[in-house]
K.L.:
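Have a look at this one before I ask anything.
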Amino acid sequence: MIKDIEYKYRKLINIFVLFFYKILRTFYKNNNSELKLIILKNRKTLSEAHSLLSENQYAENNYGIPGNVFLSINKPIDSFPTYSDIFIFISRYLNKPINYLEIGVSVLKNYIQMNESLQNSNLTCFDINPIAPNSLFIFNENNKRENSNENIFTGYNNENENVLSYYKGNVLDREETGVFRNAHNSKFNFIFSDALHEHDAVITEYKNIIKGNLDEEFILYFDDLDFPGLENTINLIYSDIKKEYKDVFCTTFYINGWVGQHEKLHKNALISTIDFYEVMKKEKIKLPFIRRWI
Ligand SMILES: C[S@@+](CC[C@H](N)C(=O)[O-])C[C@H]1O[C@@H](n2cnc3c(N)ncnc32)[C@H](O)[C@@H]1O
């Protein structure tokens, strides 16, 4: 009985929270035509992917998806920008071909959108899980290249000429991240950190995978700064990067995550050698509470 009341209470609170965010989003209309096209394409990619993970598959391996998020993982999302939309938009500012690393890919929801919109790019995944079952349309035997390590998949997407790689490993494990670093010896110019969202883990991930692995011009993107203590963690990482790079900027804002409007807005940070605070202003990209750190 008490459990039932608690459940209904939490559900009601969630409805109010989502309603609050829905109202907030209406104050931020984006008319940038490039961004609008990217959003259309991404929604099409997701609708064509159908089910990213079924209930039975979720029962076997939850791919790091919390229960409430899983309920919405396959639901259509509206036109308010998600981080996936912004990634494709900002990657146009990099002067070299994209060498992208996503740490924590789960069922590849963001990754398939990147693969669909980018061309001639290196797109690398790092995750503790095996490749998600329904993403085999990207990673399959037909596009696989020979590899002696069973935890590494390398393939090729003929349509967009992207090189696709998947490393199965734990970001907290020095040996496994060492194998990854040895196997992948070019520097990344775009890294999305989305595996673990707590201080010690993010610092370890930074030391094991990110530090020393960024190109001279780069984008380093963090999700979920609203997790306890994480804003401070990202500030420490930003300070460390500033010691190495002369011109580096950090912009934070709120944006939709991987299930769009079905969840609250996420606080994200974008550390880059490009001043994206100015870029967003110039391009009239409107995101809640955007600000630049000093
Ligand atoms: C939030 S999900 C990633 C969502 C994905 N970036 C997207 O936008 O579609 C986090 C992923 O990180 C993985 N993960 C959690 N701990 C990890 C670890 N120690 N090492 C590597 N991956 C980990 C989870 O299993 C899950 O697949």
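Whatever order the structure lists them in is the order used to number ligands and atoms, beginning at 1. All values below were derived from every heavy atom in this structure, side-chain atoms included, with hydrogens, water molecules and symmetry-related copies excluded.
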K.L.:
Identify the closest protein heavy atom to atom 19 (N) of ligand 1: which residue and atom is it, and at what distance?
P.N.:
N170 OD1, 2.8 Å

K.L.:
Spell out, yes or no, whether F188 and L123 are grouped together once hydrophobic residues are joined by side-chain heavy atoms under 4.5 Å, including indirect joins.
P.N.:
no

K.L.:
Is R174 atom CZ crowded by more than 12 heavy atoms from other residues, nucleotides or ligands, each under 6.0 Å away?
P.N.:
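Result for CZ/R174: open.
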
K.L.:
Ligand 1 versus V105, non-hydrogen atoms closer than 4.0 Å: side chain, backbone, both, neither?
P.N.:
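Looking at V105 and ligand 1, just backbone atoms fall under 4.0 Å.
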
K.L.:
Would you mind checking if R43 and D78 are paired as a salt bridge, meaning a charged N to carboxylate O distance below 4.0 Å?
P.N.:
no

K.L.:
Ligand 1 and L108, any nitrogen or oxygen pair closer than 3.5 angstrom?
P.N.:
no

K.L.:
Could you identify the single nearest non-hydrogen protein atom to atom 22 (N) of ligand 1 and state the distance to 0.1 Å?
P.N.:
I128 N, 3.2 Å

K.L.:
Are any of the heavy atoms in Y111 under 4.0 Å away from ligand 1?
P.N.:
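Y111 does not count as a contact of ligand 1 under the 4.0 Å cut-off.
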
K.L.:
Should L196 be counted as touching ligand 1, given the test is an N or O pair under 3.5 Å?
P.N.:
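No, there is no polar N/O contact under 3.5 Å.
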
K.L.:
With backbone taken as N, CA, C and O and side chain as the heavy atoms from C-beta onward, which portion of N110 lies under 4.0 Å from ligand 1: side chain, backbone, both, or neither?
P.N.:
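Both parts.
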
K.L.:
Should you measure from each heavy atom of G169, which atoms of ligand 1 turn up under 4.0 Å away?
P.N.:
20 (N), 21 (C)

K.L.:
Do ligand 1 and D127 have nitrogen or oxygen atoms that lie under 3.5 Å from each other?
P.N.:
yes

K.L.:
Find out whether the Lys NZ or Arg CZ of R92 is both under 6.0 angstrom from the six-membered ring centre of F89 and within 45° of the ring's axis.
P.N.:
yes

K.L.:
Looking at Y63, which atoms of ligand 1 are within less than 4.0 Å of one of its heavy atoms?
P.N.:
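In order of numbering, the contacting atoms are 26 (C), 27 (O).
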
K.L.:
For Y9, is the NZ or CZ atom of K11 found under 6.0 angstrom from the centre of its six-membered ring and inside 45 degrees of the ring axis?
P.N.:
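Cation-pi check for K11 and Y9: fails.
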
K.L.:
Quick check on the 6.0 Å ring-centre criterion: do F87 and F192 meet it?
P.N.:
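When the ring centroids of F87 and F192 are compared, they turn out to be within the sub-6.0 Å range.
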
